[in-house]
Amino acid sequence: MAEKISLPAKLINGGIAGLVGVTCVFPIDLAKTRLQNQQGQGIYRGMFDCLIKTVRSEGVFGMYRGAAVNLTLVTPEKAIKLAANDFFRNSLSQEGKELTLLREMLAGCGAGTCQVIVTSPMEMLKIQLQDAGRLATKNVLTGEGGAAATIPHTTAATYERPSALLITKNLLRSQGISGVYKGLGATLLRDVPFSIIYFPLFANINKFGQKSPQGKAPFYHSFIAGCFAGSVAAVAVTPLDVLKTRIQTLKKGLGEDTYNGIVDCAR
């Protein structure tokens with residue numbers, strides 16, 4: 001019989017996994033945010049160009065702008081997501097029978113819905129901090145912050161970096177709790193489909209590495225299964241992620257569009 005893992009252990013496991021994930025891939029996430037937000041004649045030609053220009057203008061730590069928000073909130077976010085998925089899988093399972101694909105998808109849907117309680121404000125704050133460097137550079141290049149033909153190495157020192165705490169205070173003061181949860185609908189639209197795809201796909205691929213129905217797959221097999229399932233799910237929801245990023249961005253660059261909602265942004 002498979003060994004039962006306690007809820008606290010699952011929460012700790014999810015938290016540690018989230019911290020490791022943020023530490024490893026945050027620079028790529030920063031590049032993603034900046035590439036998704038640029039409109040018209042972009043500053044960056046691609047991911048590597050974005051990272052190189054970020055290091056030149058803001059230093060190595062510029063690639064981790066906004067990481068503190070993620071490191072603080074990713075533990076409860078991942079813990080809720082993984083624990084919720086396990087809860088719904090257990091609730092939907094029938095004695096002696098494996099979950100059907102539909103029930104696995106429903107469990108993923110429940111997990112994705114629960115996690116946005118933390119994900120939505122975390123993403124909203126993180127995006128403001130990540131995109132500040134791009135806006136500063138764009139303003140310099142368009143003459144708003146002074147004439148320049150190329151991205152200056154001093155950009156990072158010439159703009160006021162936003163603070164997550166200050167952004168939160170201003171939003172709560174001006175808009176209340178709804179300000180912190182700006183883009184909640186767009187976050188749901190991204191995270192629910194992601195979880196619907198990811199969790200069932202991972203579970204079914206991971207089964208191929210199990211020597212028995214109650215056994216565990218080797219770590220390398222689970223790792224590959226997670227990479228594949230995560231890649232498929234991420235590619236599938238990228239258009240929804242672009243909508244979420246643009247809707248949650250509070251400050252726009254010169255000449256960049258503003259949006260009245262998900263449909264307006266998509267159009």
I would like to know whether Leu71 and Thr23 meet side-chain contact (heavy atoms from CB on, under 4.5 Å); could you show each step before the answer? CA-CA 8 Å; Leu71 289 171; Thr23 304; 4.1 Å; yes

For [X] versus [Y], what's the shortest heavy-atom pair and its separation?
{"X": "Ile205", "Y": "Ala225", "answer": "CG2-CB, 3.6 Å"}
{"X": "Ala234", "Y": "Thr238", "answer": "O-OG1, 2.7 Å"}
{"X": "Gly112", "Y": "Val192", "answer": "C-CG2, 4.1 Å"}
{"X": "Ile117", "Y": "Tyr181", "answer": "O-OH, 2.6 Å"}
{"X": "Gly226", "Y": "Tyr198", "answer": "O-CE1, 3.8 Å"}
{"X": "Tyr44", "Y": "Arg34", "answer": "OH-NH1, 3.6 Å"}

Just how far is it from atom [atom1] of [X] to atom [atom2] of [Y], taken to the nearest 0.5 Å?
{"X": "Leu73", "Y": "Ser120", "atom1": "CG", "atom2": "OG", "value": "11.5 Å"}
{"X": "Ile43", "Y": "Leu35", "atom1": "CD1", "atom2": "CG", "value": "10.5 Å"}
{"X": "Ser178", "Y": "Leu172", "atom1": "OG", "atom2": "CG", "value": "9.0 Å"}
{"X": "Leu201", "Y": "Ile196", "atom1": "CG", "atom2": "CD1", "value": "13.0 Å"}
{"X": "Leu30", "Y": "Cys50", "atom1": "CG", "atom2": "SG", "value": "6.0 Å"}
{"X": "Leu243", "Y": "Cys265", "atom1": "CG", "atom2": "SG", "value": "4.5 Å"}

Do the non-hydrogen side-chain atoms of [X] and [Y] ever get within less than 4.5 Å of each other?
{"X": "Val263", "Y": "Arg267", "result": "yes"}
{"X": "Arg246", "Y": "Gln39", "result": "yes"}
{"X": "Ile127", "Y": "Asn37", "result": "yes"}
{"X": "Met63", "Y": "Val55", "result": "yes"}
{"X": "Arg103", "Y": "Lys97", "result": "no"}
{"X": "Thr119", "Y": "Arg190", "result": "yes"}
{"X": "Lys244", "Y": "Leu189", "result": "no"}
{"X": "Asp29", "Y": "Gln130", "result": "yes"}

Under 4.5 Å between side-chain heavy atoms, hopping through other hydrophobics if needed: is there a path connecting [X] to [Y]?
{"X": "Val118", "Y": "Leu184", "result": "yes"}
{"X": "Phe228", "Y": "Val235", "result": "no"}
{"X": "Leu188", "Y": "Ile247", "result": "no"}
{"X": "Val116", "Y": "Phe194", "result": "no"}
{"X": "Val232", "Y": "Phe199", "result": "no"}

Pairs involving residues 74-91, ordered by first then second residue, that meet salt bridge (charged side-chain N to carboxylate O under 4.0 Å, His left out) (sequence neighbours left out):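 The answer is Lys10-Asp86, Arg89-Glu104.
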
side-chain contact (heavy atoms from CB on, under 4.5 Å) partner of Ile167, the single match among Asn170, Leu171, Leu165: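 Single side-chain contact (heavy atoms from CB on, under 4.5 Å) partner of Ile167 among Asn170, Leu171, Leu165: Leu171.
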
Distance alone, cut at 3.5 Å: any donor-acceptor contact between the side chains of Thr54 and Arg65?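 Not at all, the side chains of Thr54 and Arg65 share no donor-acceptor pair under 3.5 Å.
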
If only side-chain N and O atoms count, and only distance matters, is there a donor-acceptor pair under 3.5 Å linking Asn206 with Ser222?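 The criterion, which ignores hydrogens and geometry beyond distance, is satisfied for Asn206 and Ser222.
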
Check the pair Gln175, Lys182 against side-chain contact (heavy atoms from CB on, under 4.5 Å), reporting the backbone distance first and the verdict last. CA-CA 10 Å; Gln175 301 176 36; Lys182 177 182 172 65; 5.5 Å; no

Taking the side chain from [X] and the backbone from [Y], do they hold a donor-acceptor pair closer than 3.5 Å?
{"X": "Ser93", "Y": "Asn90", "value": "yes"}
{"X": "Gln128", "Y": "Met124", "value": "yes"}
{"X": "His221", "Y": "Lys207", "value": "no"}

Apply ring pair (Phe, Tyr, Trp, His ring centres under 6.0 Å) to Tyr64 and list each qualifying residue two or more places apart in sequence or on a separate chain.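 Tyr64 satisfies ring pair (Phe, Tyr, Trp, His ring centres under 6.0 Å) with no residue once adjacent residues are dropped.
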
Over 12 foreign heavy atoms within 6.0 Å of CZ, Phe87: no

Would you please test Ile28 and Met47 for side-chain contact (heavy atoms from CB on, under 4.5 Å) and show each step? CA-CA 7 Å; Ile28 299 173; Met47 180 179 71; 3.8 Å; yes

